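Chain identifiers are assigned alphabetically (A, B, ...) following the order of the sequence lines, protein sequences preceding nucleic acid strands; residue numbering begins at 1 within each chain. Keep in mind that what you see is a predicted model, and the values were worked out from it rather than measured. Values reported hereafter were calculated over all heavy atoms of this structure, with side chains retained and with hydrogens, waters and symmetry mates removed.
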Amino acid sequence: MSESTSEAASAAPYRYTHALAAQIEARWQDRWEKDGVFAAPNPVGPLADADAAGAAEKPHAFIMDMFPYPSGAGLHVGHPLGYIATDVYARHLRMTGYNVLHTMGFDAFGLPAEQYAVQTGTHPRVTTEANIAKYREQLRSLGLGHDLRRSISTIDPSYYKWTQWIFLQIFNSWFDPSVQAARPISELIAKFESGAMATPDGRAWSALAPAERDEVLGEYRLAFVKQAPVNWCPGLGTVLANEEVTADGRSERGNFPVFKANLRQWMMRITAYADRLIDDLDLLDWPEAIKLQQRNWIGRSEGAKVDFAVHTTEAGAGDAAITVFTTRPDTLFGATYMVLAPEHELVDSIVPAAWPTAEGGLPDEWTGGFATPTEAVAEYRRQAAAKTDIERQADAKTKTGVFTGAYAVNPVSGELVPVFVADYVLMGYGTGAIMAVPAHDSRDFAFARAFKLPMRCVVQPSDDRGTDPSTWDESFDSYDAAIVNSANDFISLDGLGVVDAKKAITDWLASQGIGEGTVNFKLRDWLFSRQRYWGEPFPIVYDEDGVAHSLPQSMLPVELPEIEDYSPRTFDPDDADTQPETPLSRAEEWVNVTLDLGDGPKQYRRETNTMPNWAGSCWYELRYVDPEDDTEVVNPVNEAYWMGPTEAKKAGGVDLYVGGAEHAVLHLLYARFWHKVLFDLGHVSSCEPFHKLFNQGMIQAYVYRDERGFPVPAAEVEERDGVWYFEDKVVSREIGKIGKSLKNVVAPEEVTGEYSVDTLRLYEMAMGPLDVSRPWDTRAVVGSFRFLQRLWRTIVDEETGEVVVTEETPDEETLRALNRAIDGVRTDLAGLRFNTAVAKATELNNFLVKRGSTPRVVAEQAVLLVAPLAPHIAEELWEKLGHEESLTHALLPEADPAYLVEDSVTCVVQIKGKVRARLEVPPAIDDAELEALALADPAVVAALGGAEVRKVIVRAPKLVNIVV
RNA sequence: GCGGCUGUGGCGAAGCAGGCAGACGCGCCAGGUUUAGGUCCUGGUGGUGGUGACACCGUGAGGGUUCGAAUCCCUCCAGCCGCACCA
């Protein structure tokens with residue numbers, strides 16, 4: 001290889017080889033950096049230009065990638081796909097006159113560095129910063145045009161100072177329902193002080209002790225501490241957000257079991273924003289699939305709360321009400337029993353001492369064989385509590401439960417309905433209690449069958465099953481039917497459709513004071529504290545009463561202390577009966593501080609939890625806008641310039657945000673929530689952070705497995721006659737993720753080392769549409785390399801290095817090819833269709849190669865056209881063509897419409913939809929003339945064979961279809 | 001189970017508003033350069049039949065709408081993703 005390379009090199013010293021490409025690429029990367037060509041000026045502040053006014057005149061765009069966690073393994077070829085795409089897009093925008101903000105930061109707090117630190121004792125900052133340096137180097141070598149002045153890292157105190165500051169904004173706010181927005185907590189305090197709002201127990205605000213006031217405010221703050229059932233993961237030694245727990249009750253990270261535990265934790269009141277988070281999705285240019293996932297996760301459902309009277313057994317308590325949430329109040333007449341979640345607080349107070357007497361005795365299914373309801377309920381609750389989510393899930397098919405011994409009253413039918421405890425009703429949703437309508441709900445149906453409960457049909461089935469549910473195989477759940485069997489002395493729903501019936505019964509319940517229309521959400525408040533070292537400390541201290549105080553901005557950032565042992569205390573992953581213990585709590589000197597928070601120096605204890613990994617990524621787009629501002633989170637002028645709402649993006653936000661679909665609910669929901677709080681408090685002018693979202697597909701790779709099913713190194717597999725061999729043994733092939741465990745990692749350096757960076761960029765863009773996953777095929781990369789070599793040869797003599805373009809005036813055909821390419825490439829780049837843009841550039845190149853020589857004006861425009869995709873070779877050729885300035889801000893050529901119109905068009909003549917002839921006709925030909933021409937064509941006459949022409953459809957100038 | 005997305009040559013894919021299916025690339029075949037192989041260059045390449053200009057068949061399967069369907073509608077199948085007792 002080395003020998004032949006040198007042969008080739010001596011024969012053609014100026015050929016575009018990997019060696020020459022490497023020189024070119026290094027040279028241009030240095031020059032871009034030295035000249036700061038990607039620096040995007042701000043209107044004001046340290047990043048403003050001398051010519052700030054000039055920049056403000058230009059159109060501008062903010063392009064962003066989801067920033068990476070800098071892992072120790074570095075990048076593989078799958079990672080840069082989106083980065084290259086945004087770079088190509090950003091470069092294309094710069095070449096159409098835009099001021100483009102494009103940079104890259106690092107999401108650098110995280111578990112791997114901490115775990116490495118636990119193992120080796122190396123400070124996570126050391127490993128993380130080394131990894132960041134490596135990433136920066138790799139990103140630079142891909143020729144990505146980032147404004148490096150704007151690059152941030154979430155672990156820098158200068159950055160997390162503002163993460164903490166935003167936390168305090170949230171902490172010091174409440175959600176005012178009257179304006180549906182966050183307001184400063186001081187406004188709430190004023191309402192309490194003035195008496196405009198009553199305290200929970202009616203005492204005057206001034207009569208409350210500080211700790212009591214704190215407790216009251218805690219019910220309103222958007223960030224608050226709460227004793228709540230949380231996801232406790234002993235294996236990780238930390239608690240997790242709902243979003244971080246998989247459906248089978250394990251941690252998304254590490255796959256450890258997760259248990260419910262009642263712990264005091266920081267929460268964020270994201271539920272207050274549920275409506276706005278759903279509604280504002282309509283303002284965004286996001287893939288529908290992602291919007292749908294967010295809507296489903298928030299899970300808004302409209303229904304009603306209804307009270308069922310129930311007799312309590314506690315002395316003197318009298319009757320109580322079980323409040324249920326239902327989306328089908330129209331089926332209230334069909335409610336034949338009720339279910340409480342095992343954790344429901346009313347359970348204890350309604351259970352009677354003895355089983356009620358019933359005709360023929362209670363079924364065994366109801367009593368579970370226990371002598372008293374107390375025993376039966378206690379045992380069932382014990383079992384339910386012991387179940388993990390995994391077991392609960394596995395048991396989902398078979399319904400379990402037990403009768404409480406109590407009856408409630410159906411408020412419309414007046415019937416006594418038995419009250420059950422069953423774990424198919426979840427405490428965390430609605431009111432933790434349901435009215436069961438077995439005839440019209442599949443879950444209730446299954447339960448009713450298992451427990452021999454009565455059913456009543458109140459919705460007329462639209463099929464032929466009849467109205468006796470005892471003969472049915474399944475419940476009838478449809479919304480598209482009429483209500484029957486639903487009347488009492490005061491109201492009748494009979495004959496109404498579902499929608500009308502819902503409204504009628506809801507109004508009636510409200511008038512009776514036993515129900516009201518309500519909206520319910522699946523979304524839970526966001527668990528915001530973690531028992532970790534490597535995260536942002538909370539800017540919170542506690543006084544001797546345990547009251548939380550926020551630190552003033554002047555005391556930010558609260559930096560992480562140096563400690564000996566970075567690990568949280570972890571436990572046997574299966575031991576649910578454990579408590580978290582934070583690493584920071586061991587840093588005694590840091591924890592106990594004397595501070596003057598306005599009323600003289602006092603002793604305080606710092607909060608020792610840290611923020612979750614999502615905190616830093618919740619607002620980094622804002623810091624990109626104004627990375628050096630030390631007095632405010634972002635200057636409002638700069639924010640409005642880059643992110644402010646416009647006619648085209650009503651909610652404002654980043655113009656284009658590219659990243660993987662795996663962040664559909666986590667990062668994207670949290671970031672939207674924070675942004676909305678900042679918007680409400682007047683810190684930003686945009687109410688959404690990301691206007692257009694684009695999910696890039698994944699680059700996958702072949703995985704080869706031996707006969708035992710273990711992956712073998714993909715790089716060492718050989719193909720012979722369609723069969724794959726590893727060490728002469730046949731292996732199977734499939735498509736999988738790129739990763740170490742599947743032994744199919746391809747590093748970008750393997751490609752750039754053999755070909756060039758531009759080759760890698762071009763190949764990744766040419767492989768297919770950006771949003772589709774596709775397999776990496778190392779063999780196919782050479783195609784992109786050949787394209788660049790051909791491009792090079794059309795302009796440079798490989799032997800002499802001289803420019804070989806001609807000074808001739810391009811002919812008509814060449815101008816057509818050129819302008820077609822200009823038009824196609826421009827529209828494709830603007831539409832993020834990079835694969836077809838590459839194809840059109842290739843077509844032009846192939847045309848020029850065939851032509852044999854290239855006129856200078858054509859060469860120059862061709863170079864500009866490929867510059868966004870393959871910037872290094874384009875810069876080099878641009879320079880060789882005599883230009884001294886970098887083409888970063890050169891203008892992309894615009895197509896001359898005169899050359900986009902063909903002077904003759906191929907018209908297809910179809911007979912019965914099949915192509916029988918082709919005619920070359922002028923584009924302006926009219927229908928009648930074209931029809932005459934087509935019918936006279938010999939091939940058409942022959943194909944018709946004298947058959948009678950019934951109808952002729954003419955779409956001049958492209959098509960004639962003859963019907964016989 | 002519910003919801004969503006995707007099915008086009010040997011492979012990655014084009015075809016964006018219903019009008020020439022397969023642009024561009026890989027691979028493969030033939031030829032050229034080369035002592036040879038590789039690189040590089042030129043040409044060909046959906047399938048079947050024919051020496052042949054050509055014919056027939058072809059966009060997961062089946063049906064429908066239409067002069068005309070990869071594209072629109074219905075049913076089914078397969079793969080991927082999300083949610084998962086959410087009342």
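For the OP1/OP2 pair of B:A14 and a distance below 4.0 Å, the side-chain nitrogens and oxygens of A:Asn835 include at least one atom meeting the criterion. Contact check, A:Arg15 against B:U39: no side-chain N or O comes under 4.0 Å of OP1 or OP2. OP1 or OP2 of B:U42 has not a single side-chain nitrogen or oxygen of A:Arg790 nearer than 4.0 Å. For A:Asn846, a side-chain nitrogen or oxygen approaches OP1 or OP2 of B:G25 to under 4.0 Å. The side chain of A:Thr842 places no N or O atom within less than 4.0 Å of a non-bridging phosphate oxygen (OP1 or OP2) of B:A23. Taking 4.0 angstrom as the limit, A:Arg786 places none of its side-chain polar atoms (N or O) nearer than this to OP1 or OP2 of B:G25. For B:C54, the OP1/OP2 oxygens have no side-chain nitrogen or oxygen of A:Arg916 closer than 4.0 Å.
Between the CE atom of A:Met698 and the P atom of B:C81 there is a distance of 8 Å, rounded to whole Å. Whole-Å rounding puts the A:Glu662 CD to B:C81 P distance at 13 Å.
Base orientation of B:A17: syn, since the glycosidic angle falls within 90° of 0.
Using modelled atom types and a 3.5 Å distance limit, the side chains of A:Tyr16 and A:Ser756 yield a donor-acceptor pair. With 3.5 Å as the limit, one finds no donor-acceptor pair spanning the side chains of A:Ser784 and A:Arg786. Side chain to side chain, A:Asn520 and A:Ser301 fail the donor-acceptor criterion of an N or O pair below 3.5 Å.
Using a distance-only test at 3.5 Å, with no hydrogens or angles considered, no donor-acceptor pair links the side chain of A:Lys840 to the main chain of A:Asp823.
Using a 4.0 Å heavy-atom distance criterion, A:Ala780 is classed as a sugar-phosphate-only contact.
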Check nucleotides 67-74 of chain B against the protein and report each pair of N or O atoms closer than 3.5 Å, with its distance, or say if there are none.
unit_1, atom_1, unit_2, atom_2, d
B:C67, O2, A:Asn961, ND2, 2.3

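If you take atom C1' in B:G47 and the same atom in B:U59, they sit 13 Å apart, rounded to whole Å.
Here A:Trp792 and A:Phe785 keep their ring centres 6.0 angstrom or further from each other.
Judged by a 6.0 Å distance limit and a 45° cone about the ring axis, A:Lys399 is not positioned over the six-membered ring of A:Phe447.
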Legend entry - Pairing string, 5' to 3', for RNA chain B - Watson-Crick or wobble contacts under 3.5 Å, brackets [ ] where pairs cross, | to another strand: (((((((..(((......[....)))((((((.......))))))((((....))))..(((((..]....))))))))))))....
